[in-house]
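A quick write-up on the structure given underneath.
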Amino acid sequence: MNLGFVVGVFGVLILSHAAYSTIQYRGLLKIMEEEFSRPPMNVIVELIIGLALCMWAALTFPGKFLSIHPDSDENRAVSLPDNSEFMIFNHRGRLFPPQIDMKF
């Protein structure tokens, strides 16, 4: 397992614990017949830490990046399907002029 994955799972666990703590706190306030104004400070800190860990994990645990160049050998898997019944060529794209061979 990658470090980013482990940190992401840990961040999700912290966020789940913060949600559970908020539910318990609201239940306690109902028993004491007080009004809920905001969650306790430790839950807010848990939310911020959990959010930061999840964001860090999402940024450091990417998949394999593919080339965006159309002439790349990695893009050869993109092809037209064998079944042409689902292909539609009569659409509003025909209103645009054909591709112009201009290079910037």
Side-chain angles (χ1 to χ4, degrees):
M1 278 196 258
N2 194 357
L3 178 65
F5 180 76
V6 174
V7 170
V9 169
F10 189 65
V12 168
L13 288 175
I14 289 177
L15 289 175
S16 302
H17 183 266
Y20 182 72
S21 297
T22 304
I23 292 170
Q24 277 189 331
Y25 179 70
R26 289 190 69 166
L28 179 68
L29 287 179
K30 283 182 183 179
I31 291 172
M32 294 172 38
E33 297 178 354
E34 293 181 14
E35 190 171 322
F36 180 79
S37 60
R38 65 176 179 87
M41 194 52 129
N42 63 345
V43 173
I44 294 174
V45 171
E46 280 185 28
L47 287 172
I48 292 171
I49 291 172
L51 178 67
L53 289 176
C54 287
M55 287 179 59
W56 184 80
L59 293 174
T60 60
F61 189 66
K64 181 183 175 195
F65 289 111
L66 299 175
S67 175
I68 60 171
H69 299 294
D71 298 330
S72 175
D73 290 334
E74 295 175 359
N75 291 338
R76 295 297 171 214
V78 179
S79 62
L80 294 175
D82 294 333
N83 189 358
S84 62
E85 292 177 8
F86 296 106
M87 295 171 135
I88 298 173
F89 295 105
N90 189 15
H91 52 78
R92 61 182 165 188
R94 63 186 159 86
L95 299 176
F96 296 112
Q99 186 177 7
I100 300 172
D101 294 330
M102 291 177 50
K103 293 186 179 184
F104 296 109

When every non-hydrogen atom of A57 is compared with those of G4, the smallest separation belongs to CB-O, 3.1 Å

For C54 and G8, the nearest pair of non-hydrogen atoms, with its separation, is SG-O, 4.1 Å

Joining Ile, Leu, Val, Met, Phe, Trp and Tyr whenever any side-chain heavy atoms lie under 4.5 Å apart, the cluster holding M55 also takes in L51

Surrounding OH of Y25 (heavy atoms of other residues, nucleotides or ligands, distance under 6.0 Å), is the total greater than 12?
yes

Exactly one candidate in L15, I14, T22, N42 meets side chain to side chain contact (heavy atoms under 4.5 Å, CB included) with L47; the answer is L15

Do F10 and V45 belong to the same hydrophobic cluster, where Ile, Leu, Val, Met, Phe, Trp and Tyr are linked whenever their side-chain heavy atoms lie under 4.5 Å apart, directly or via other members?
yes

Of all heavy-atom pairs linking V43 and S21, the shortest is CG2-CB, 3.8 Å

Rounded to the nearest 0.5 Å, the CZ atom of R26 sits from the CD atom of E35 at a distance of 10.0 Å

According to a hydrophobic-cluster definition based on side-chain heavy atoms being under 4.5 Å apart (Ile, Leu, Val, Met, Phe, Trp, Tyr only), do V6 and L13 belong together?
yes

Between the CH2 atom in W56 and the CG atom in L3, the distance rounded to the nearest 0.5 Å is 4.5 Å

> Do E46 and I49 have side-chain heavy atoms sitting under 4.5 Å apart?
Replying inline: no

